Each structure stands twice: as structure tokens, then as C-alpha cells.
Amino acid sequence: MDLLAGLNDKQKEAVLHIDGPCIVLAGAGSGKTGVLTKRIAHLVDKGIEPNNILAITFTNKAAGEMRNRLNDMLPNFAGSWIQTFHAACFKILRMDIDKLGYDKNFTIIDDNEAKNLIKAILKEENDYETKPEYIHYIFKNAKNSLENYESYFANLSEPLEEKNKYFSLFNTYNFRLKELNVVDFEDLIVLCIKLFENFPNVLEKYQNWFKYIMIDEYQDTNYAQYMWAKLLASKDGNIFIVGDPDQSIYSWRGAEPYNINRFLKDYPNCKVIKLEKNYRSTQTILTAANSVIKHNESFIEKNLYTDKGEGEKIVRFCAGDSFHEAAFVADTISELAAKTNREFREFAVFYRTHAQSRAIEESLFRKNIPYNIVGAHKFYERKEIKDIIAYLRLAINNNDKLSFERIINVPRRGIGDKTVEKIENYANEKNLTVLEALEYVEDIPALGKKVTGKLQEFYGMINYFAKLAEDDAAVAEIIDEVLNMSGYIQDLKDSGQPDAQTKLENLQELKSLSLEFADEEENTLEDFLARVALVQDIDDVDNDNTVVLMTYHGAKGLEFPIVFMTGMEEGVFPSYRSDSVEDIEEERRLCYVGITRAMEQLFLTNAESRLLYGYERSNQPSRFLEEIPEDLLSTYTRHGKPIVKAVVGIRVFHKKFGAGLITDIIEDGEIAIIDFDQAGERMLRLDLAPLEKLI
DNA sequence: GCCACAATGATTTTT
DNA sequence: TCATTGTGGC
């Protein structure tokens, strides 16, 4: 097959690049995934072993997509190192973490569990002042910085007392992690680097292994990830990175777009390739995106262009309030879907915060438009899923107190905090894991007979699961045993919770996932647990034909024929929380990401007032709106659309009651009965009521 | 150990 | 406003 077919000159140059450092600045929609995969295919064509190629992505979804495309291109492709940073580090640590004094059957905890551990520590210290979220943030930054921890904490701009407290908490936290035989997300990267630095022969092993390194979404790497890649590439210097500084929207999570500059400094002779031709959007949309992002200070100018032609104008709609805005979105979707024969899945609605989705949901629901919210409730964060995972983790890692505490009384076994405390004290005293302590449950002082029996039962059950795992039973089978033996399913069925059915379905889904997992090369329970920890959400290829709702952040990497950017208001987007120039610039990049998702048509909406934290707030239109040239827009406001003739069935807007539908007109056309979306049914005099017709 | 009510405090979240 | 978290009574 011809790898270069259909590529432009810049893309070809990137695909054909083999040795030495190279940076590809890939604008939105410039075909970067194609370039990455084709470059791998080209390397393989040139006789390079697939296993000598390391390709790093940020999401499992991106990694999976790349693998799929390669499998299509090269049917026998067996490269197993197309991974996220975290998954690659996990694979490395699984082989060598014992050199750092960790047990090889360590498990991974996610951010929530890390926060819970921090909360527990704070509670032990009777510290009710320190905010766990903040501490967690500091801890993450400390690890990602790769600095000496003592000096990192000493350099914090906090009072000395606080700094000392934080440092001491940090040490306790890390001590606990090791004790529990778990690592957090940051540890995966940092421990891997530690391994490389302390054991040069290990580093060399991987350097010889990964002769060709590729990193996607480089603008989103943090300092530790930058250093990790640099270490691995430092022997041969065959590092190929792809990124777009204008799409860096995660600096608040530790991403350092400055890493691109570091890269340019590290490799002054690197090849720089700019991909500016866009294959996604109309020129109108691209011009809008270019104009907005020009307001940011930038060291690399990019200008997206297309040969698709101008396309439709961007529609700008100014709504009275958030309900009006939502009604506009729903009405427009329903109209367009009918008129242009579009499927619902071609529409996407973006908002800055999840709280904004509600009004939009209600409007869509009212219009019978099917929709899906992306990213609000992640599969693996659901309580029922986490519970079952905790059973599995405890079976693998007997010392995982976090999991133990989570499920010892789920479903209810009559074992409360006091009992747990006694068990943990005993375990500490005798230097046993929590599960081992249960073996000697009769020796634990001050436990009732009933409780003892329950604990023995629990002990036997977990051991049985562990035995199954040891005998390499299929993960699905183990999950089945957990669901039944623990009584979890029965308890759900008996509970009478309104969402019990959904939960049961989710558990079924977990089982299905584990069945699929059985086909993987590495399919032990340990591997499954690592997968679960590293995959925050299941990317069920949404085959539903629904409108998609998500935050601007969630939209990154996606594309839709028709996009609604809602809440384009000062204080909402940009957020009232961003005040520094840097903050505003990041919001602007987020706006740029939003605009460039749209393929054919873009709608920008704002509301003159909206409900925030219980009270009404008036917001100015977003500054980003003014940064788009006027001639690209066709603007509609709720003003200037007086009701020419009130008839049953039209939608109207009332200054106080919001949007509603005229359901009847009585008294010779003098009085209308209007069913308001929010305010309910009202009778209003048409000559007096401040009504406007909704478009 | 469990349940009901009050107090709180609230962007964005690839792993 | 509203969902989550903590406290007090049983």
C-alpha cells in the first residue's frame, strides 16, 4: 500500500522522517493521527522492529485508535508499546519495581483514593483545617516537579509552619502508600524515572529497546513526563513529538506547554514541521479560530487553512437567560435535523461547567431529542463498580487497607468502624496484613461472637477469590463469584433503590468487559486491575444516534458537523476564576479547541442572565465573541423579534417567566395561555405582557 | 451502628 | 440552588 497517498507535502515530510529529533506542530484537524500511524508503518517498512518503537499517547482511546489503524495497515503488526505514559510505566515497573524495594504485585490507586488516604491521615492527626484537595494538589505537583522534596516544600510560598506541616503529611502519605503496597498516578512516572536514574543498566536496557520514541499531545506533558521521555531518548536521540501549544488546556493539572521550548533547546538541530492545512472545518470556522487565538501571546504562529470553501456563517445567538439559551439549542437542533435530514449524532453541545448541562438537558428532553452526556459519570467511578474492584484488589493485595475498609461492611455485615479499628490495631501490633489478621480473628480482643463469625466468613471468601486468581481462573469467573458470594447482587435486588436496576446493568457491563479482556495477551487479574485503574472510562464507541453534550475540555480530540458553544459569557467562559493573563490565555485556548471541533456549522450562544449558586447573575457577552470578525457572523438576539401575531403553538419569551409555549388564546385574542418551561402555566394579556417571539 | 437533618461550599479532570 | 459531608440522637 502507498503510505503517502493523499498526504500533503508537510505530512509526507513528517511520515518519512526516520532518524534524529523532530517536532511536528500539528494544528487542529491537520491529520496528525494519520501522520503518527503512517510514520510507524513507514519505520516498520524500513525494517525497524515494531517492538523497538515506543509510541506514547495521553488517552487509552488514542492508543487504541492508533493500534487499530496500524493493524489495518500492517496485518501482522505486533508492536505492544503503543501506550499511555502511565501504562508504559506500569509495564516497566512490573518488571523492575522490586529494585526500588516495592513488591511486584503492587496495585495502582487513582486520584480519588489518594484523596481518601489523605483525608484519613488528616483525621488521624486531628487536622480539620487543612483541605485535602489542596494538599493532594500540592503533593502531585511535588512529585511531578522531580525536585528534592525537602526543598520543594521549603520553597512553597506559605508560612513556615504550614510548609513543615505539609512536608510531614507528604512523608506520611508516601510511607502509607508503600506500606499498602500501592502507587499513585504520579508514582508510576516518578518511580520509573527513579529506576532509570538509580540503575543505569535498566535505563540502558530500555534505551536499546525503544530505539524510536514518539510522543503525542506533547503540549500536555508535565515536567516528569518530559524528563522520562528525555531519559529514554538520550542515547539515540530518535524522538518524534507531536503537539499544538494552542490546544494546551490542562496546565492547571500540571501540564507544561513550555516543554515544547525545552525540547527545542534540548535538540537545537531538530526538524520542525508545521501542519497548518486543516481537513475538518470550513474556512469560516478556521478564520474565527485563527482570529481568536491571535489574541494570545505566542512564540509559534500558526494559521489554519482549508480548501473546503467558506461554508455557512457562524450563528451568534444572544439569549435572555439560560433556559432561553437551552430552548434555542433544542429548537435549532430539531429544526435542522428535520430540514437537512441530519442525524442527532451530528450535533454536539459544549458548556464550560457540568452545572450548565441541566437546562440544556431539560430542553432536549422536552423536544424528545435523544442525548448523551459525556464524562459526567465515569464508569469506573461508579460506586458499585468500585466496590467490586475493591474485592478483587484485596484478593490480590492483602494489605490494601483502602479496599478492605471500603468493602468489609458492603453489603452490610454488621461490621462498623470500631471493629475495623480493632482489626487494624491488631494487624499493626503483630505486623500482619489486615487480611492475615482475620486469620487470627479469635485472638483479637473485644470482638463479639457474631462479628467474629462474620469476619471468618469474610476471610474465607477473600482467600477463595485469591486462590481462584492464583489458579489463573478467568477474570469474568472471579467477578461472578464475587458478585454472588459477597451477596452484593442479592443486596442490590433487595434494596429497593430506584437505581438498583442500572447498577445491576453496570455490574453486568463490568463482567462483559472482563470477558473481552480474556482475549488480551496479559490477562491475569493483576493486569485487569491495572487496566481498570489506568482506564478511567470505557470508551464505548457511542453507536447511539444521539446529540452529544460535554464540557469544552471533554471535546478535545473530537469533531462534529454541527457544534453549539454555549455560555459564551464573561464569568462563565472565560471563567470567573481566571484572572491572570495566563489563566485567560488558557481559557482562550479552550475556546479555540471548541471552535475547531466544528466541521460545518457553528453556533455561539450566550445568556444575558443566568442562575448561579441560587441567584440570578447578569453577564456580559464573552470577550472571545468580540475577537471573531463580525463578517463571519450572523447575529440573532431575542430583541427585535416582536410578536407579529400570537398563535397557538409558537414559542415565546417572557422577561420574567422565560421561554414558553402558547397553548391557547382566549377572549377574542386578548389573553394567551402560555405553558412556561420553568414558571408553569400562566394567563397573560397579550397587549401588556412583555413577550417576544422565539426564533 | 444507623439514620435524619443541618451546614457547607461550589471550574475544567487525558491517567 | 443543590449535592455532598458532618453531627447528634436513637
Side-chain angles (χ1 to χ4, degrees), chain A residues 56-65 83-90 108-116 119 123 128 131-133 136-137 140 143-144 183-189 216-222 224-225 247-255 322 350-359 374-378 380-381 409 412-421 448 450-451 530-537 539 550-558 567 571-579 583 586-587 589-591 593-594 610-617 678:
Chain A
I56 295 295
T57 61
F58 263 84
T59 63
N60 294 287
K61 200 173 167 189
E65 193 181 325
Q83 299 279 358
T84 63
F85 272 106
H86 298 264
C89 288
F90 175 73
I108 303 166
I109 61 166
D110 64 25
D111 279 349
N112 270 321
E113 291 161 306
K115 267 183 230 168
N116 288 340
K119 276 182 203 162
K123 208 169 176 186
Y128 297 103
K131 291 219 169 97
E133 274 76 25
H136 181 232
Y137 170 76
K140 282 170 82 94
K143 290 189 178 182
N144 287 335
V183 303
D184 63 20
F185 283 148
E186 287 65 44
D187 283 341
L188 284 170
I189 315 284
D216 192 14
E217 304 277 17
Y218 195 78
Q219 77 282 352
D220 288 336
T221 52
N222 62 37
Q225 290 162 336
Q247 290 187 70
S248 161
I249 54 174
Y250 285 113
S251 72
W252 50 276
R253 269 173 113 254
S322 56
F350 304 155
Y351 36 79
R352 181 64 237 273
T353 64
H354 287 296
Q356 291 166 249
S357 75
R358 196 172 208 140
V374 178
H377 295 292
K378 287 189 184 150
Y380 289 112
E381 279 177 12
N409 203 28
R412 300 255 152 83
R413 300 186 174 89
I415 299 166
D417 294 348
K418 285 272 137 58
T419 307
V420 170
E421 206 173 291
K450 205 169 162 200
V451 170
R531 164 77 62 96
V532 166
L534 294 175
V535 176
Q536 286 289 294
D537 209 353
D539 6 279
M550 65 183 106
T551 63
Y552 289 101
H553 282 90
K556 196 173 154 206
L558 304 175
V572 175
F573 191 26
S575 162
Y576 67 100
R577 306 279 288 244
S578 26
D579 34 35
D583 289 347
E586 180 143 318
E587 296 283 306
R589 291 192 291 270
L590 190 57
C591 180
V593 167
R610 79 171 61 233
L611 239 40
L612 192 69
Y613 301 144
Y615 35 116
E616 195 91 357
R617 268 189 61 141
Q678 301 305 318

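Keep in mind it's a predicted model, so treat the numbers as computed, not measured. Each chain gets a letter, A, B and so on, in the order its sequence line appears, and its residues count up from 1. These values consider heavy atoms only, across backbone and side chains, with no hydrogens, waters or symmetry-generated copies.
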>> Tell me the interatomic distance from F350(A), atom CZ, to dT13(B), atom P, rounded to whole angstroms.
In response: 13 Å
> Looking at the side chain of H553(A), which of dT13(B), dT15(B), dT11(B) is the nearest nucleotide?
Replying inline: dT13(B)
> Can you tell me how far P of dT15(B) sits from CD of E113(A), to the nearest Å?
Replying inline: 15 Å
> If you look at every heavy atom in G567(A) and V572(A), which pair is closest and at what distance?
Replying inline: O-CG1, 3.4 Å
> dT13(B) phosphate, OP1 or OP2: any side-chain N/O from H354(A) under 4.0 angstrom?
Replying inline: yes
> If you look at every heavy atom in V374(A) and H354(A), which pair is closest and at what distance?
Replying inline: O-CE1, 4.5 Å
>> Classify the ring geometry of Y250(A) against H553(A): parallel below 30°, tilted from 30° to 60°, perpendicular beyond 60°.
In response: tilted
>> Rounded to whole Å, how long is the line connecting atom CG of L558(A) with atom P of dT13(B)?
In response: 13 Å
>> Under 4.0 Å, counting only non-hydrogen atoms across every strand here, what does R358(A) touch: a base, just sugar-phosphate, or nothing?
In response: sugar-phosphate
> OP1, OP2 of dG1(B) versus side-chain N and O of N409(A): anything below 4.0 Å?
Replying inline: no
> How far does the P atom of dT13(B) sit from the matching atom of dT4(C), given to the nearest Å?
Replying inline: 16 Å
> Across the strands shown, which category fits Y576(A) at heavy-atom distances under 4.0 angstrom: base, sugar-phosphate, nothing?
Replying inline: sugar-phosphate
>> Going by salt bridge (Lys or Arg N to Asp or Glu O under 4.0 Å), E186(A) matches just one of R253(A), K143(A), K140(A). Which one?
In response: K140(A)
>> Does S251(A) reach a base, just sugar-phosphate, or nothing at all? Heavy atoms under 4.0 Å.
In response: nothing
> Quick one: does D220(A)'s side chain have a donor or acceptor within less than 3.5 Å of a partner on A255(A)'s backbone?
Replying inline: no
> Nearest to the side chain of K119(A), which nucleotide is it out of dT5(C), dT15(B), dA3(C)?
Replying inline: dT5(C)
>> In this structure, how many angstroms lie between the P atom of dT1(C) and the CG atom of L612(A), rounded?
In response: 13 Å
>> Of the listed nucleotides (dT15(B), dT13(B), dT11(B)), which one gets closest to any side-chain atom of R352(A)?
In response: dT11(B)
> Under 4.0 angstrom, heavy atoms only, what part of the nucleic acid is T353(A) near: base, sugar-phosphate, or nothing?
Replying inline: sugar-phosphate
> Within a radius of less than 6.0 Å around OH of Y380(A), do more than 12 heavy atoms belonging to other residues, nucleotides or ligands occur?
Replying inline: yes
>> Considering every strand and a 4.0 Å limit on heavy-atom distances, what is the contact class for E587(A): base, sugar-phosphate, or nothing?
In response: base
> Between dT12(B) atom C1' and F573(A) atom CZ, what is the distance in whole Å?
Replying inline: 10 Å
>> I want to verify a distance call: between dG1(B), dT15(B), dT12(B), whose nearest atom is closest to the K418(A) side chain?
In response: dG1(B)
> Under 5.5 Å between ring centres and under 30° between planes: true for Y250(A) and the base of dT13(B)?
Replying inline: no
> Counting any heavy atom closer than 4.0 Å, what does L611(A) reach on the DNA or RNA strands: base, sugar-phosphate only, or nothing?
Replying inline: nothing
> Hey, is the main chain of S575(A) close enough, under 3.5 Å, to the side chain of E587(A) for a donor-acceptor pair?
Replying inline: yes
> Using the P atom in both, what is the distance from dT12(B) to dT5(C), to the nearest Å?
Replying inline: 15 Å
> Which whole-number value in Å describes the distance from K123(A) NZ to dT5(C) P?
Replying inline: 12 Å
>> Here's a test of your reading of the structure: between E586(A) and F185(A), which maps to the more 5' nucleotide of DNA chain B?
In response: E586(A)
> Ignoring hydrogens and angles, are the base of dT15(B) and the side chain of R253(A) linked by a donor-acceptor pair under 3.5 Å?
Replying inline: yes
> Taking the side chain of L534(A) as its heavy atoms from C-beta onward, which of dA3(C), dT13(B), dT15(B) lies nearest to it?
Replying inline: dT15(B)
>> Quick check on dC3(B): is either OP1 or OP2 less than 4.0 Å from any side-chain nitrogen or oxygen of R412(A)?
In response: yes
> D111(A) has a side chain; which of dT15(B), dA10(B), dC2(B) sits nearest to it?
Replying inline: dT15(B)
> Rounded to the Å, how far apart are E133(A) CD and dT8(B) P?
Replying inline: 17 Å
> Among dT12(B), dC3(B), dT15(B), which is the nearest nucleotide to the side chain of T59(A)?
Replying inline: dT15(B)
> What's the base orientation of dT12(B): syn (chi within 90° of 0) or anti?
Replying inline: anti
>> Between C1' on dG9(B) and NZ on K131(A), what's the gap in Å once rounded to a whole number?
In response: 8 Å
> Of the nucleotides dT5(C), dA10(B), dT12(B), which one has an atom closest to the side chain of Y613(A)?
Replying inline: dA10(B)
